[in-house]
Amino acid sequence: MGMPSSPRVGIVGATGAVGRELLDILASRGFPLRSLRLLASARSAGSKLPFGGDAIAVEETTARRLEGLDLVFFSAGAGVSRQFAPVAVRAGAIVIDNSSAFRMADGVPLVVPEVNGDRLEGADRPGIIANPNCSTIIALVAVTPLHRCAGVERMVVSTYQAVSGAGAAYMAELQQQARDFAAGRPYTTAVSGRQLLFNVFSHNSAVGATGANEEETKLLSETRRIWDDGAVQVSATCVRVPVLRAHAESITLTFRTPLDEETARHVLEEAPGVRVVDDRARNRFPEPIDASGRDEVLVGRIRVDHGQPPGRGLMLFACGDQLRKGAALNAVQIAEQLLASRVIA
Ligand code: A2P
């Protein structure tokens with residue numbers, strides 16, 4: 001059985017940064033939903049969120065409230081997904097999970113529609129579909145078209161990540177710190193425990209035994225899984241910058257077979273989900289403020305890496321809205337593909 005063409009939809013984590021973006025994207029794209037249930041923690045129960053001219057009440061997430069749904073987006077962290085996503089699936093829903101809980105799990109497709117949307121075309125109806133990590137999505141939308149041409153052997157990525165990836169409370173704290181600065185007050189650090197404004201710091205995820213933080217590890221493991229290529233090498237350094245909602249990534253590629261700059265630029269100009277911003281004369285390249293609120297990943301600074309053998313190395317700079325393509329939009333695109341290919345007659 002597939003998904004109805006007008007599904008009953010739930011959002012777990014509806015009050016969060018990604019949850020609110022999901023609401024906006026579902027409304028603006030005219031997603032054909034029959035009903036919408038908004039779920040969050042008990043703290044938010046009773047509050048209301050706007051959706052397409054209506055105000056919908058938020059309810060506490062419980063097993064009972066996950067019944068009677070065809071499609072549930074989860075964006076409330078890995079712990080909530082581990083607890084409730086299997087409950088939603090047992091109750092009959094397809095889950096699109098934005099957390100890291102199931103990304104490496106057997107039988108769970110890890111999908112960026114432009115990259116490996118064919119993973120959704122299998123014979124079996126999936127229970128859970130995982131949305132990749134935001135940095136991985138943005139990098140792979142930019143790099144996969146080139147990978148298809150010349151085979152990426154190694155990718156060195158340095159991220160400049162917005163605070164939105166740490167949640168709505170971090171975004172609010174960055175804004176509060178800007179007000180604190182303007183008023184000459186000490187910085188408010190209740191959420192992050194640190195100065196975000198005018199600062200750059202190593203990504204706020206745990207550092208493992210290898211010295212890599214979780215974000216850096218995800219870039220390697222998720223790229224291998226999405227490309228179905230266990231040999232590709234990914235060397236990442238992930239940091240946060242005082243930007244509200246779009247990530248930037250410096251990416252250096254080593255190819256298996258030669259690829260010249262002009263071919264790469266042409267391929268990227270034709271690539272789905274990519275917009276080339278590469279104006280050397282005016283020194284205009286991708287910037288987070290230009291990527292914010294947009295669906296496309298901006299790609300520029302496309303140039304030969306002269307530190308590698310001729311034809312083998314290219315460098316580029318990409319920016320993508322972490323809340324949209326890095327999270328909510330990718331999830332909605334997965335849902336749209338499910339609708340297009342799995343409609344009940
Ligand atoms: P709430 O607003 O009630 O705390 P963000 O990523 O922006 O921090 O958002 C996290 C989202 O996850 C919010 O919607 C938050 O709801 C939700 N959430 C946090 N803890 C739980 C929980 N135990 N059960 C359900 N939703 C939760």
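Counting convention: from 1, in listed order, for ligands and their atoms alike.
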Other residues, nucleotides and ligands only: do more than 12 of their heavy atoms fall within 6.0 Å of [atom1] on [X]?
| X | atom1 | value |
| --- | --- | --- |
| R148 | CZ | yes |
| D279 | CG | yes |
| R275 | CZ | no |

Polar proximity ligand 1 side, A169 side, N/O cut 3.5 Å exclusive
no

Looking only at distance, does V12 have an N or O less than 3.5 Å from an N or O of ligand 1?
no

Top protein contact for [atom], by heavy-atom distance:
| atom | value |
| --- | --- |
| atom 4 (O) of ligand 1 | R43 NH2, 2.8 Å |
| atom 18 (N) of ligand 1 | A76 CB, 3.9 Å |
| atom 9 (O) of ligand 1 | G16 CA, 3.2 Å |
| atom 2 (O) of ligand 1 | T15 OG1, 2.5 Å |

Atoms of ligand 1 less than 4.0 Å from [X] heavy atoms?
| X | answer |
| --- | --- |
| T61 | 25 (C) |
| G167 | 5 (P), 6 (O), 7 (O), 8 (O) |
| S44 | 1 (P), 2 (O), 3 (O) |
| V80 | 21 (C), 22 (C), 23 (N), 24 (N) |
| A168 | 5 (P), 7 (O), 8 (O) |

- prompt: Once the angle between the rings of W227 and H147 is folded into 0 to 90°, is it parallel (under 30°), tilted (30 to 60°) or perpendicular (over 60°)?
  reply: parallel

Check: Angle class for the F181/Y187 ring planes (parallel below 30°, perpendicular above 60°, tilted otherwise)?
Finding: parallel

* Answer yes when E261 and R265 have at least one side-chain N-carboxylate O distance shorter than 4.0 Å, and no when they do not. => yes

- Query: Would you call R43 and E60 a salt bridge, using N to O less than 4.0 angstrom?
  - Reply: no

Among S75, G19, A40, the residue with a heavy atom nearest to atom 11 (C) of ligand 1 is S75

Would you kindly say whether T159 and E249 are connected by a side-chain donor-acceptor distance under 3.5 Å? no

